[in-house]
Structure formats: C-alpha cells, structure tokens
There are 2 protein chains.
Amino acid sequence: MLDHTDLLIIEELSKNSRITMKELGEKVHLTGQATAARVAKLEDSGVIEGYTIKINQEKLGYVIHAMINIITQSTYHEPFLSYIQSQKEYVINNYKISGDSCYLLECKFPSNEVLDEFLVGLSKHVNYKLSIVIKK
Amino acid sequence: MLDHTDLLIIEELSKNSRITMKELGEKVHLTGQATAARVAKLEDSGVIEGYTIKINQEKLGYVIHAMINIITQSTYHEPFLSYIQSQKEYVINNYKISGDSCYLLECKFPSNEVLDEFLVGLSKHVNYKLSIVIKK
DNA sequence: CGATTTTGCTTGATTAATGAAAGGAGTTAA
DNA sequence: TTAACTCCTTTCATTAATCAAGCAAAATCG
C-alpha cells in the first residue's frame, strides 16, 4: 500500500506542507510531476486528510491551555455536548474516552476570568476535573 | 497588532495551508502579493509556527489512540522522560500538567500487544492510568 | 507462455503563481 | 510643508504547476 517514498513524502509534508512539488520531488528523488501524483493518491486514499498550520495560541492571546476531565452524572450527554458546541472558540479537542472520565476536553483560554465563566457554564451539565498544561 | 484580515488569513490557512497566495488573496480582498507579504509577517512574528498536514493515523496502522496519565513517585523524572524519548514513535504529545497527574501522554499504537509492551516499559519508571480514545 | 493492460515514471508544452521593482495613497511626525 | 514609513497595487521576469504524450517494467489474463 504505502512504500518508503510515500512515508518520506508524509514526513516532509509534516515538516513543511507548503513545500513545492518540485522541491519535495528532489528530496525523494522523483520529478515534481511524479511527486504530485503520489501526493494526490495519498489525498484520495485518505491518508493525508488536509493541509493546515501550526499556530502559536499564546500570540493570539490564548495564554491558558487546559485539560478538563468530564464526568457525566446522567446518561443524557446532549446538554453538555451542545454547551461545548456553543463554546467552541475555547475547545481545541473533545475526546470520548474510557477510564474514570467520560470525556477529555482540551481547551484554550485568554484569561482565568474566561476560564472561570466557561467552568461555571460547564458545571451546570457535568462534573469536571481541571488540569492546566504547564509545558508541552 | 493583528487585524481582521490577518485573522481571516489564519482561518483560511488552517483550513487549507496549500492554498495559493492568489486564491487566499481573493478570499481576503487583497492581491496575491499583498497577501504573501502579510503571511510572511505572520511567520516572522511567530504567530504562524509552521505548515503541516493532518494525517489519518489509522490508515498508517495506528489504530489505538490512548491518553496516559502519569503519576511519578520520585521527584527524579529523567528516567521516565528518556524512556518516552526512546519510544517517540508512539508518543504524539507529552503535556506537563497540574492536578492529580504530573504528565499526560497522548499516544498511538498499532496493536494491544505494542501498547502492552509500552506500558511494561513505562511501569518501570512511573505509575499510570490508561484511557483509550473512543471518538474524537 | 505471450499478449494486453496497468502502473509509475519521464519529458515537453502550456498555463498559472511567485518574486522583485516601481509607484501611489494614507499616516505620522519634525 | 516635507520627509519617512506603511501598505497596497501594477507590471514584468522568473519559476513552478499542470496537462498531455510517451515509454518501460510489472501485473493480469486468456
């Protein structure tokens, strides 16, 4: 399915997805055309899901990075899910997980005040346990 | 510092970082050249940290997505840190966090066997609590 | 086995994007 | 008022992407 060249392409695109097909081709010893064809195949097969950027959230004002474990009391999760949908400016990821918690929210906030507001709203629907990310 | 156009540019590049500057310019009502200049500025200021791809890890064979809470018994974290360094094929992120745990590992594994091996090695250095990601 | 199709690449021509230079409009400050 | 600066546009030369053949090795199949 995937050969060594494909893995190299994935690695290089992970490092810099705006590289030209010509340059990428030089790295994997192919022409730009052949490289573009391989990349198109990786897109079609779903291995490459998209092209995006790494953003420095702190420079955008989101200085708090939090992990919030969610423990739902009721089996009816809808109110919680629609709450975080309404707050998606702050939600980076929402993982449904096994273990002590039902969900793990990865969030970003511009201040403790906003974090507090978020938690006040959150506590109307679920119990939670808050962890602050100190370092990545 | 950042105006509305910059935020639009960031949003569009998040959705598709391989868009041409010309097309991106059309979306934000600027010429390709002016857009490229703004993007270069966002790079220089560190707001845009890099360009990357979204990869379907399952299609690469990593079918298990795990969150592992780490509780260190000793204050000497070095053995743990060098262990996960040696296992970085499986480690997506390592967050140092506040709360019950000291670290939160986000990992991927191709099978339960490999996960088990990882945990056997891990348990030589720290205590852990395993959560499996069911859905994102 | 041998003919045909498919796959994966290269080359070459065309089209589109990028980069550099020049210049104009608006802002700030001496 | 003038000078310096910012941010944009236009133009043009350069470079890359795309499209269409063409070719050879590998796979498929009667």
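Keep in mind that this is a model prediction, so the values were computed, not measured. Chain naming here is simple, since letters A, B, ... match the order of the sequence lines and numbering starts at 1 in each.
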So, the side chain of [X] versus the backbone of [Y]: is there a donor-acceptor pair under 3.5 Å, distance only?
{"X": "B:Ser17", "Y": "A:Ile53", "value": "no"}
{"X": "A:Ser82", "Y": "A:Pro79", "value": "yes"}
{"X": "A:Tyr95", "Y": "B:Ala66", "value": "no"}

What is the distance, rounded to the nearest whole Å, between atom [atom1] of [X] and atom [atom2] of [N]?
{"X": "B:Asp6", "N": "D:dT6", "atom1": "CG", "atom2": "C1'", "answer": "14 Å"}
{"X": "B:Leu24", "N": "D:dC8", "atom1": "CG", "atom2": "C1'", "answer": "16 Å"}
{"X": "A:Met1", "N": "C:dG8", "atom1": "CE", "atom2": "C1'", "answer": "16 Å"}
{"X": "B:Glu26", "N": "C:dT18", "atom1": "CD", "atom2": "P", "answer": "11 Å"}
{"X": "A:Arg38", "N": "C:dT7", "atom1": "CZ", "atom2": "C1'", "answer": "11 Å"}
{"X": "B:His29", "N": "D:dC8", "atom1": "NE2", "atom2": "P", "answer": "14 Å"}
{"X": "B:Leu2", "N": "D:dC7", "atom1": "CG", "atom2": "C1'", "answer": "16 Å"}

Sub-3.5 Å pairs of nitrogen or oxygen atoms, protein against nucleotides 11-17 of chain D:
| from | atom 1 | to | atom 2 | distance (Å) |
| --- | --- | --- | --- | --- |
| D:dT11 | O4 | B:Gln33 | NE2 | 3.0 |
| D:dA16 | OP2 | A:Lys22 | NZ | 2.9 |
| D:dA17 | OP1 | A:Met21 | N | 2.9 |
| D:dA17 | OP2 | A:Lys22 | N | 3.1 |

Item to complete: Among D:dC8, C:dT11, D:dC7, find the nucleotide with the atom closest to the side chain of B:Lys41.
Response: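 Between D:dC8, C:dT11, D:dC7, the one nearest the side chain of B:Lys41 would be D:dC7.
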Worksheet item: Think B:Thr31 has a side-chain N or O under 4.0 angstrom from the OP1 or OP2 of D:dC8?
Response: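 B:Thr31 to D:dC8 OP1/OP2: no side-chain N or O under 4.0 Å.
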Worksheet item: Does a donor on one side chain and an acceptor on the other come within less than 3.5 Å for A:Tyr62 and A:Glu89?
Response: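 There is such a pair (donor and acceptor under 3.5 Å, judged by atom type) between the side chains of A:Tyr62 and A:Glu89.
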Worksheet item: Can A:Val28 and A:Thr35 be said to form a side-chain contact (heavy atoms from CB on, under 4.5 Å), step by step?
Response: CA-CA 8 Å; A:Val28 302; A:Thr35 310; 4.2 Å; yes
Worksheet item: Near B:Lys41 NZ, under 6.0 Å, is it more than 12 heavy atoms from other residues, nucleotides or ligands?
Response: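 No, NZ of B:Lys41 has 12 or fewer neighbouring heavy atoms, counting only those of other groups under 6.0 Å.
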